[in-house]
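Note sheet for the following structure.
Residue numbers start from 1 in every chain, and the chains themselves are labelled A, B, ... in the order their sequence lines are given, proteins ahead of strands.
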Amino acid sequence: MPSLFLEAVLLLILIGITLTIIFGKDLLTVTIVYCSFSFVTMFLYIVMGAPDVAFTEAVIGVVSTIYFIMTLKTIRRHTK
Amino acid sequence: MRKVLAIITLVIILLIPTFLFDGIMPSIGDPNSAPNTHVSDYYIENSVEMTNSPNMVTGILADFRGFDTMFETTVMFLAGLGAVLILSNRPNIKKRFIIPRNYIKQRPNIGAPRYKTINKDVMITLFEPLMMIYAAYVYFHGEISLGGGFQAGAVLGLAYIIDVMIVPGRRKKLFALDKGNALSIGGIGTFIYALTGILTMTGGGLCLEYDKLPFGLSHAESHSAGILMIELGVTICVMATIITILNAIMGRVRFDDDPIKRREDA
Amino acid sequence: MTSLETFLAAKGIYFLTFLLLFLGLYGMITCGNYMKKLICMNIMQVAVIFIFLCLAQKDGGTIPVLFSNLRNAEDYINPLPHALMLTAIVVSMGTTGVGLALLTRIKEKYGSIEEDEIIERENK
Amino acid sequence: MNEINICLPLIAISAPLIASILIYILGEHIGKNAREAITFISSAILLISVYSLVPHVLKGEAIEIIFLEIVKGVNFSFNIDAAGMVFACVASTLWVLTSCYSVGYMRGHGEKNQTGYFSAFAICIFATIGLCFSANLITFFIFFEILTIGTYPLVVHYRDEEGRRSGRKYLAYTLISGQIFFASIVIIYMFTGTLEFKAGGFIKPDMLPMPLMLILFIMMVGAGAVKAGLMPLHSWLPAAMVAPTPVSALLHAVAVVKAGAFCTLRVVLYVFGPEAAKACHGAEILSYMAVITIIVSSLIAIRKDNLKARLAFSTVGQLSYIILGISMLTPESSVGAIYHIVAHAFMKITLFMCAGAIFVTAHKKNISEMVGIGRRMPITMGAFTTASVALAGFPFFVGFVSKANIILGAMKINNLLFSMTLVVSALLALTYLMPVVLIGFKKDIINEEFQKKDDANLMMRIPLVITAVISVILGISPNFGLHLYTLAEIAAKSIFG
Amino acid sequence: MMRNLPALIIIFPLVSALLSVFLSKISLYLGRNLVITSIFISLALSIVQLREVIINGPISYKFGNYAVPYGIEFKIDTINAIMLVMICIIGLLTGLFSTNFEENSKDRIKIGGSHALIALLCVGMLGMTSTGDVFNLYVFLEVTSLSGYVLIALGGSKGVVSAFRYLLIGTVAATFYLLGVAMLYSVTGTLNMQDMHDILSSRANDDTMLIAMCMFIAAFGIKMALFPFHGWQPSAYTHAQTGARPLIAGVMGKIPAYAMFRYLYCVYGTEFKYFRYFLIVIGALSVMGMIYGSVRAMAQTDIRKMLAYSSVAQISYITLGFAIGTPIAIAGSFLHMFGHAFMKGGLFFASGSIRYKYGIVDMNDFGYIYKKMPLTSALLSISALSMIGIPPTVGFFSKWYLALGAAGEREYIYIAILVISSLLNAIYFFKMIEKIFMAKDRDLKPIGRDSVMELPWTMMIPIVISILMILGLGLFNVKIINILLMSLGGIGI
């Protein structure tokens, strides 16, 4: 089943994104990268055959990114 | 302490391959594995007839496991309530907005950027109604194809967010909700869901047994009506909660074009 | 089925998912910044959702929306985990919302969201 | 068995409890007269109801009352037998006298916290009466712990640093032993399936493996031994001397230490029984401990100048008589031990009341300051002399009756060490008490303070005279009034068959 | 009405909580009063339900009238029927109690909202207790946790940080739980507990089950603050909102313990291959927790923190009973659960009242409080004695059954630990009693509200009921034990 390859690739991308998030210093970058994380996640859901979940994740990804950015406005942007 | 925990976690990460020898989890895609046979087959074969919803996920979500969804909605309301209560105290006076009166006349939308372009105006005027129509479509069509109450509510909430954040100055906002009103609406949305449960009970059935809705409908109709009712509740609640949390957090945000900051700059 | 596919189906995907999960946990533990902790928490939850959806997959199945020509159980993938994970996603979003509200409040009270600075100010 | 007889024990037990609650709730509002009135009324009710139970016990009627199932399989129940009856008679009699004395002492001394004092006192009596009548180990343990907690406010009566320290010491000893007692009850229940007291014991020697049985025996006797102040575990008792004298009187003569001795009695003779106690060698160990305690405590007492401390170490020694009598496992010594509960109560309470009276009237604590005090307080010192002589075991005093029985038991098992110990300790008792009397009545050195005759006030004088007189009367006729000696004999007979 | 009892018990507080904010906008105290009334109705219904269960046996309530493994099922046996009553009582008392902490506030959302949170916390716990579906349990767990986070966060600036830490670790717990559910689902393909048990006993996959159980122990351990997972708990209990603290500290930790019991004995069952090892692990954790919690509690002077650490020790009593595993010990665990809810709830009611009246939380300032607040100090003393295990309070009897169970299994080490733990309890609780009755008079002045009575009646009622329950549960424990044993036999222990 070719979709398994796709899943593996997407998961590897997600792992890369996660590493970026863990070791990132700029919170805005981290937040934007997290937005892309949920974008890739959405693809993965579709590949896994769960369009409903993917739809929800798409909407949620937007909403939570907005929340994160809003919060980011109140706090210092750079971290140690 | 943290370092020790980190090392432990790393060790666990390295140990995962050893845990995952064959047989711990079923092979992906195996049609005969346990999760794909026992309850799953029953749902696939019967849920469409029993719930009158071609989208099996919606059928399960809203009908078989409707009680879960009731509390999922409650969790959303709870999140909104929590955000409002946590941020209900007056912010520290130095960090508060002190908005000059003439400033309000000039710029009724605090969060809006100073500059505006025709592109954004057009985008918004195009997008907002489209999003709302799409939300309505998602809501009504949820049981037939993808989507449902939650997605519809989230899209509606997003429409509001865009309205708040990007609408340029002069135009009136589509709907202005402060966080308290939004919260009340969220509560009422979830209440509609609970009310459906109560109605089925007054009709002589068990909780969320849509066949017993006291409207005198047939089996298929009553299930559709029940699912629509609860999806309405979910939609309202999710929309209101997204707006609530947004308002609660935005009350504390200091934007770049905050008048005080500009005064400081000058 | 090639051997790689068999490996992926039996172990590979699970391995990557678990790796993601524990990376999230690792991030939650090591990151000193509360915002990054929250993001890592979300990543962890997503990883669990992957595991559920992996369980739902079925060879030769299509998405669980009724097509008039397909009536058999083996034609559709398992819809139950999808319904569960919808709920889980929503719950995780609620948690994130509350977490962000707390974050804002912490910043106001302590002037920082770095864990070591907060501990320093708490002990003062 | 008619209904009145079932009611009587209930009245006896509930009277002090109700009194305590009433005093605690109303105490601050109604003033001290009403408070004392409540104490007197309830003590009179208790006295009458306990006394009227005596004839039934003498007739051999069994009075059993089951309230409710307190834990699964065990009832909260009372069973009134001869041994318990002896202790109940002593406690109820002495409550009346001590209350009378307390009133005098507290007023004479102008004490604070009197509400708490009278309330806690009544709780202690409640627990003691409950202990006497308990039919099984659970009920017994409940009252045992109530007694522990109820005594604590009395020990820390003055609320100062010293009081708190001795309170902590008291709690450390009693709570630890109580918890160990609890653990052993659980294990015994697991092995035997019953907890009902039975004369002669409900544990058969083959029920438990031997080392476990010995451990259990030591654990259970330990609880009683702590309260009774057996030697390595006694140090809370002198520390608790910081409390007011009526409290010391209660601790030493009436409730707490007697409860410890009574606990040992119940454990050795009613739980393990003579056979099992002998089989596991526990009784043997216990008796040697008691011998050491008797000698060592008497020697310490001689060196103490503080009168109350001297009396405290005397208590430690005298209580070991009871334990020794029990652990000899002969009928005669058991009679002696049970009767010594009565004897020691009257003798020691007289001594303590005298010490308190001297302290309140003449403000003297140390023996060396009391030269010639007999001139000022002849009645008090007269009572003191009587009790001292009785404690040393002179014939025609109450101490003789019990000690003679214990020595008889020792002779029966041909143990020379025990007999010698008893004789030597009687001499030692004379050694540490007679100097007080002699100093008190010394004539050659004239102390200005003590020239005028000015005895303690009436409320304190009456009780100590009564107890002194009783300790003489009981010495001449051990069965006077309540047939306490017969009761002790009945108890021993039921145990040894 | 009668057949819908299990659902109604949950729906009443839920509806009131949902409408509370809205109604507060109409009239200031309307929402709050509705919440209290609805919890009272739930209490009445749960008592009726308990009677039903005792007479007619376990109730199985199917939502939507779908057959068992397909829909969601509520399974009510006598154990959780009693627990429902307990949750409702403490919830009601807390609802009454917390009305006093918002008089100065005219913020309508806050008045309606904080009571809505209490009601939702009750709803979450009621649901977790009665559900028979593993995923439904997760949803209720989240409802409970979220309302818990917010109630903790409302307790001031330190509360916010504690709430955030609790949120992070609580979400990890929920994620672990979900992971465990995924593993069990991969073996069984069902989500119903009873169905799962049937399938697991016929088609066991021991390795997966082993990992899943580790996940469950970690998840519930975090949620109930079992020893190595307790890190969030002391500061969270300390800084939670004063009005809601009795509910949070008294009941919130017990429900995950019950859930763990369900997994151990109802889903896995004693015939599971590694069952003995789990019992040993849980027993070891409990033993360490008892000692650790008591030792830490001794060092505290803030009464709230001392009580929080003592909770770490007390929750271990409950898990110890599960680890012993005989019916009598498990019944003792549950008795301790009920008893401790009232003891700890009572102690927090009392400390909250002292804080309400004099604004103090440090025990060194408690001098002569017994003259000023006799009833409160009576409650403090009785609860403390019960914690130590002095008869005839309930703490003694639960310890009795635990020790009896341990003796029956010949686990003498557990008895020794029980004894040591109660002595350690005695050390710090008598420290508190000394402070109440014997410390120097500090000339405390009531802050603000001066009244004839010791406290307002909404605070007196919880205090009096706590005293009565501690003594009543102690004296009539056999009735409860019999009811509990009735169901434990049905589970097959």
Side-chain angles (χ1 to χ4, degrees), chain B residues 2-3 5-6 9-10 12-13 16-17 19-20 22 24-31 33 35-36 39-41 43-45 47-48 54-61 64-65 68-69 72-73 75-76 78-80 82-84 86-87 91-92 95 144-146 148 150 238 241 245 248-249 252, chain C residues 6 8-15 18-19 21-23 25-26 28-30 32 51-52 54-61 63-67 71-84 86-91 93-98 100-102 104-105 107-109 115:
Chain B
R2 209 201 286 163
K3 287 231 171 89
L5 279 172
T9 326
L10 268 178
I12 294 173
I13 292 172
I16 302 165
F19 274 124
L20 282 174
D22 287 330
I24 286 288
M25 299 291 266
S27 178
I28 293 174
D30 179 9
S33 68
N36 282 343
V39 180
S40 157
D41 285 356
Y43 281 139
I44 295 170
E45 278 157 11
S47 80
V48 179
N55 184 350
M56 294 165 200
V57 177
T58 310
I60 293 169
L61 190 76
F64 281 101
R65 302 185 69 85
D68 264 356
T69 313
E72 168 205 324
T73 320
V75 168
M76 272 314 268
L78 191 47
V84 169
I86 289 167
L87 297 175
N92 204 340
K95 289 175 189 162
I144 299 166
S145 72
L146 306 181
F150 182 79
V238 170
T241 306
I245 298 179
I249 296 177
R252 305 308 182 96
Chain C
T6 324
L8 280 180
K11 284 184 183 179
I13 301 290
Y14 286 124
F15 174 69
F18 269 84
L19 196 59
L21 185 123
F22 282 101
L23 270 182
L25 187 60
Y26 177 78
M28 276 185 76
I29 293 167
T30 51
I51 290 172
F52 263 96
C54 286
L55 295 177
Q57 290 183 57
K58 196 189 279 182
D59 287 338
I63 60 168
V65 177
L66 185 72
F67 296 92
R71 302 300 301 207
N72 294 325
E74 59 264 24
D75 293 333
Y76 297 99
I77 61 177
N78 183 356
L80 178 59
H82 297 182
L84 302 182
L86 273 178
T87 310
I89 288 179
V90 176
V91 167
M93 166 165 177
T95 318
T96 311
V98 172
L100 286 173
L102 285 169
T104 316
R105 190 73 191 280
K107 171 68 184 175
E108 279 174 11
K109 291 277 179 189
E115 182 148 41

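Residues C/Asn78 and B/Pro35 approach most closely at ND2-O, 2.7 Å, considering heavy atoms. The shortest heavy-atom contact between C/Leu55 and B/Met25 is CD2-CE, 4.4 Å. Heavy-atom minimum distance, B/Ile60 versus C/Ala83: CG2-CB, 3.7 Å. Residues B/Asn55 and C/Pro64 approach most closely at OD1-O, 3.6 Å, considering heavy atoms.
Looking at heavy atoms from C-beta onward, C/Lys58 lies in side-chain contact with B/Ile44 at the 4.5 angstrom threshold. Taking 4.5 Å as the limit, some side-chain heavy atom of B/Arg65 sits within range of a side-chain heavy atom of C/Leu84. A heavy-atom distance below 4.5 Å is not found between the side chains of B/Val75 and C/Val90.
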Can you list the steps and then say if B/Ser40 with C/Leu80 is a side chain to side chain contact (heavy atoms under 4.5 Å, CB included)? CA-CA 7 Å; B/Ser40 157; C/Leu80 178 59; 5.8 Å; no
Go through the steps for B/Phe150 and C/Leu86 under the test side chain to side chain contact (heavy atoms under 4.5 Å, CB included), then give the verdict. CA-CA 9 Å; B/Phe150 182 79; C/Leu86 273 178; 5.6 Å; no
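The contact between B/Val48 and chain C is made entirely by side chain atoms (from C-beta outward), counting heavy-atom distances below 4.5 Å. Heavy-atom distances place the backbone of C/Ala56, and not its side chain, under 4.5 Å from chain B. For chain C, the nearby parts of B/Ala83 are the backbone and the side chain; heavy atoms of each come within less than 4.5 Å. Using a 4.5 Å cut-off between heavy atoms, B/Ile245 contacts chain C through its side chain alone, with no backbone atom that close. Of the two parts of C/Ile77, only the backbone, made up of N, CA, C and O, holds a non-hydrogen atom closer than 4.5 Å to a non-hydrogen atom of chain B.
The greatest number of non-hydrogen atom pairs below 4.5 Å with chain B, out of C/Cys54, C/Pro79, C/Pro81, is found for C/Pro79.
With hydrogens and angles disregarded, no donor-acceptor distance shorter than 3.5 Å links the side chain of B/Asp68 to the backbone of C/Thr87. In this structure a side-chain-to-backbone donor-acceptor pair under 3.5 Å is present from B/Asn36 to C/Gln57. Checking side-chain atoms of C/Tyr14 against main-chain N and O of B/Ile28 turns up no donor-acceptor pair under 3.5 Å.
When the ring pair (Phe, Tyr, Trp, His ring centres under 6.0 Å) test is applied to B/Tyr43, the partners found at least two apart in sequence or on another chain are B/Phe64.
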